[in-house]
> 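The structure's right below; bear with me while I get my questions together.
Along the sequence shown, residues carry numbers from 1. Atoms within each ligand, like the ligands themselves, are counted from 1 in listed order.
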Amino acid sequence: MCGIVAYIGPREAYPIILKGLKRLEYRGYDSSGVALLDNDLRVYKKKGKVAELEDSLVGKDLHAHAGMGHTRWATHGEPNDRNAHPHSSSSGRLAMIHNGIIENYAQLKNELIRKGYKFVSDTDTEVLLNFIEDIQKNNNCGLEEAVRIALKRVVGAYVIILLDKESPDTIIAARKGSPLVIGIGKGEHFLASDASPIIEYTKEVVYVNDYELAILKADELILKNLGNEKLTPYVQSLDLELAAIEKGGYDHFMLKEIFEQPDTIFDCLRGRLDVTKGTITMAGIQQNIERLTKANRIIMVACGTSWHAGLVAEYIFEELCRIPVEVEYASEFRYRNPVIHPGDVIIAISQSGETADTIVAIEKAKENGAFILGVVNVVGSSIARISNAGAYTHAGPEIGVASTKAFTAQLTVLTMIALKVAKEKGTIDNTRYMQLLGELHSMPEKVKEVLKLSKPIEKLAARYKDAADALYLGRGYNFPVALEGALKLKEISYIHAEGYPAAEMKHGPIALVDEHLPVVFVATKDSYHEKIVSNIQEIKARKGKVIAVITQGDEIIEKMADDYIAIPESDELVAPILSAIPMQLLAYYIGVAKGYDVDKPRNLAKSVTVE
Ligand code: F6R
């Protein structure tokens, strides 16, 4: 949610910043802008995607060795040139970019208006910038000190980067709640929301923590806390290759990521699952196994697609571990004063590891003594760091805004955790345990089989692309997959879609069914099969169009459905890993058929770092 990038060093800053913005565009694409600092401070910004900014700058003098750029997901103020970042201070001396929300901006703005400040944008960012400038003037202090004083009064989340016309050799950055990575080169420094703009220049990085301030020159990095004490930067080496963040011949990142799933699931299992020995090796789980086996309750906390993974995991944990599970929207959990006991285990699920709602939910649970287990994709992200223990999903960078490979990796990791806990607790017999290990082991190959259906699914998409609405239904383990299918369709194709437990449709949604309504059934062979067959009959009786995801060889549903997608047989417990994939492909091909930018759907952004 908003991408930020900056550079200081001997190279030309603009090309580095521009390339970085293109890599970060998945975080927001309402507007973009750059500020370049040499003898003067120049700010250029424009509504729309980074390519539009780039076009508007052709022919301009963009020479500079320090600069910063921003790609915006609008919070305060509609997307337009005025509200685009970077913002300039009233005097024109400072420029700033910001990712996050300043919650007490209205109060600060009123104070500044009373002092005679005028604002040209509707943003909270311009308020914070002028607040900093005002402190600098009144206290007659340097920018670093003014930032420190200002941030003590700020309520909210931020990463800010500032340039000062009077100090062209320095960049100042600070963080609370939004991500910031510093890349350390030879006589140069890079800053960004994630490592993607940095990896082609250096693999040495420092993840800035909350309430830290970085003062960067080309050849010097000083890290301080808000109390002005120097900190020792913890330099880490990035385990990320450039190819992982490029499209690699696919039309879209989303398609590439869907097709990566045999490998990402394999990577997720690799070194952990050993079917011959019958073991699951997960250090973070093993070290805390008693917490899990003795948990009074597990609470899954997540948002969006990750929340759907939590719902599948609820079924799995209750079945295998016999521990009561609740699945919570992080945003609701945080604000409704939940009852949390020290014996509770919170499983926080997040692709980005930066989702603000999930972070605050974790903080709330921690305050109440709960143990936090993070299931996170992005290594070194905030959630990974604030959790007591965790397991990475190892899906690699997910750049398409709609989550795909992260979801199946989450399901894989959560299933392994549940199996490990069940084995330790003695709630699973050895035969079933070994059978499920075998099922997980076979997933990468079976996913490859599912992906072979992409052409027929593309044809199906062409037939249904003009639908105004769609209903997604499933039962048991496949119910959350129906929710996920509906979410994918909404996000990518802007078609209104609802997901429901198949039996629940009789209690209302069936009123929507007529000959125009496509109803997608996630109906693989499982213990609910007969029941879902009846639900399909009920839709057919009302002339609804049935598209069914079924198990290969299921002649009963083949005959009833208008269209079907047959996927390999699997145990019902792991079936969602397979049945989710036709949902992803259907949404993708409908979005493409409608001519939409599926990697950057309107109004969305990856990594939702505002509450
Ligand atoms: C949907 C999607 C979102 C995310 C949600 C949580 O395709 O990507 O619903 O799942 O914003 O994000 P993470 O998993 O990064 O916490």
Side-chain angles (χ1 to χ4, degrees), residues 1-3 26-28 73 157 177-179 193-194 252-255 257-258 261 264 300-313 327-334 346-362 372 374-387 390-411 413-414 472 480-481 483-494 497 499 580-581 583-588 591 596 598-611:
M1 193 147 277
C2 295
Y26 71 90
R27 300 177 68 88
W73 186 84
S178 298
S193 302
D194 69 31
H252 296 99
F253 281 111
M254 183 176 175
L255 191 63
E257 287 158 9
I258 292 173
Q261 289 175 108
T264 52
M300 309 272 174
V301 173
C303 305
T305 291
S306 299
W307 185 78
H308 294 154
L311 278 183
V312 177
V327 188
E328 297 278 357
Y329 284 115
S331 52
E332 290 297 316
F333 180 74
R334 163 68 181 86
I346 306 286
I347 301 190
I349 309 166
S350 176
Q351 187 287 124
S352 61
E354 300 294 349
T355 301
D357 285 323
T358 310
I359 291 174
V360 284
I362 292 173
I372 316 292
V375 172
V376 174
N377 193 37
V378 177
V379 176
S381 57
S382 301
I383 294 178
R385 286 184 287 153
I386 61 176
S387 297
Y392 282 117
T393 45
H394 296 312
E398 190 179 67
I399 293 168
V401 164
S403 190
T404 53
K405 63 176 182 172
F407 179 67
T408 49
Q410 287 165 346
L411 296 183
V413 165
L414 288 161
Y472 282 70
V481 178
L483 296 183
E484 175 61 6
L487 177 64
K488 289 284 93 87
L489 190 73
K490 278 185 274 212
E491 285 180 288
I492 300 304
S493 72
Y494 316 145
I581 293 167
M583 307 287 114
Q584 300 167 351
L585 287 167
L586 188 62
Y588 171 78
Y596 296 140
V598 294
D599 279 340
K600 300 188 193 85
R602 71 180 179 208
N603 303 337
L604 292 176
K606 195 122 187 119
S607 195
V608 184
T609 52
V610 292
E611 283 179 60

> With the side chain counted from C-beta on, respond yes when Asp599 and Ile399 share a heavy-atom pair under 4.5 Å apart, and no when they do not.
no
> Give a yes or no answer on whether the side chain of Tyr588 reaches the backbone of Ile258 with a donor-acceptor pair at less than 3.5 Å.
no
> Between Glu484 and Thr305, is there a side-chain donor-acceptor contact under 3.5 Å, judged purely by atom types and distance?
yes
> Test Pro480 against every option in Leu411, Val327, Val312 by the side chain to side chain contact (heavy atoms under 4.5 Å, CB included) rule and name the one that passes.
Val312
> Which ligand 1 atoms, with their elements, are less than 4.0 angstrom from a heavy-atom of Ser306?
10 (O), 13 (P), 14 (O)
> Please confirm whether the backbone N or O of Lys405 pairs with a side-chain atom of Thr408, one donor and one acceptor, at under 3.5 Å?
yes
> Identify the protein heavy atom lying closest to atom 15 (O) of ligand 1, giving its residue, its atom name and the separation to 0.1 Å.
Ser352 OG, 2.6 Å
> Report the C-alpha distance between Val378 and Glu354 in whole Å, list the side-chain angles of each, state the deciding distance to 0.1 Å, and finish with yes or no for side chain to side chain contact (heavy atoms under 4.5 Å, CB included).
CA-CA 9 Å; Val378 177; Glu354 300 294 349; 5.8 Å; no
> Determine yes or no for a side-chain-to-main-chain donor-acceptor pair under 3.5 angstrom, with Glu398 supplying the side chain and Ala406 the backbone.
yes
> Look at atom 12 (O) of ligand 1 and say which protein heavy atom is nearest, naming residue and atom and giving the distance to 0.1 Å.
Thr355 OG1, 3.4 Å
> Apply side chain to side chain donor-acceptor pair (under 3.5 Å) to the pair Thr404 and Gln584, showing each step before the final yes or no.
CA-CA 7 Å; Thr404 53; Gln584 300 167 351; 5.0 Å; no
> Distance under 4.0 Å to a non-hydrogen atom of Lys488: what atoms of ligand 1 satisfy this?
1 (C), 7 (O)
> Decide whether the shortest distance between a heavy atom of Val401 and an atom of ligand 1 is less than 4.0 Å.
yes
> Of Ala302, Cys303, Ser350, Gly304, which has the heavy atom at the shortest distance from atom 6 (C) of ligand 1?
Cys303
> Among protein heavy atoms, which sits nearest to atom 4 (C) of ligand 1, and what does the distance come to when rounded to 0.1 Å?
Thr305 N, 4.0 Å
> Taking 4.0 angstrom as the limit and counting only heavy atoms of Glu491, give me the atoms of ligand 1 inside it, by number and element.
1 (C), 2 (C), 7 (O)
> His308: heavy atom below 4.0 Å from ligand 1, yes or no?
no
> Could you check atom 11 (O) of ligand 1 against the protein and tell me its nearest heavy-atom contact, residue, atom and distance included?
Val608 CG2, 3.9 Å
> Distance under 4.0 Å to a non-hydrogen atom of Gln351: what atoms of ligand 1 satisfy this?
13 (P), 14 (O), 15 (O), 16 (O)
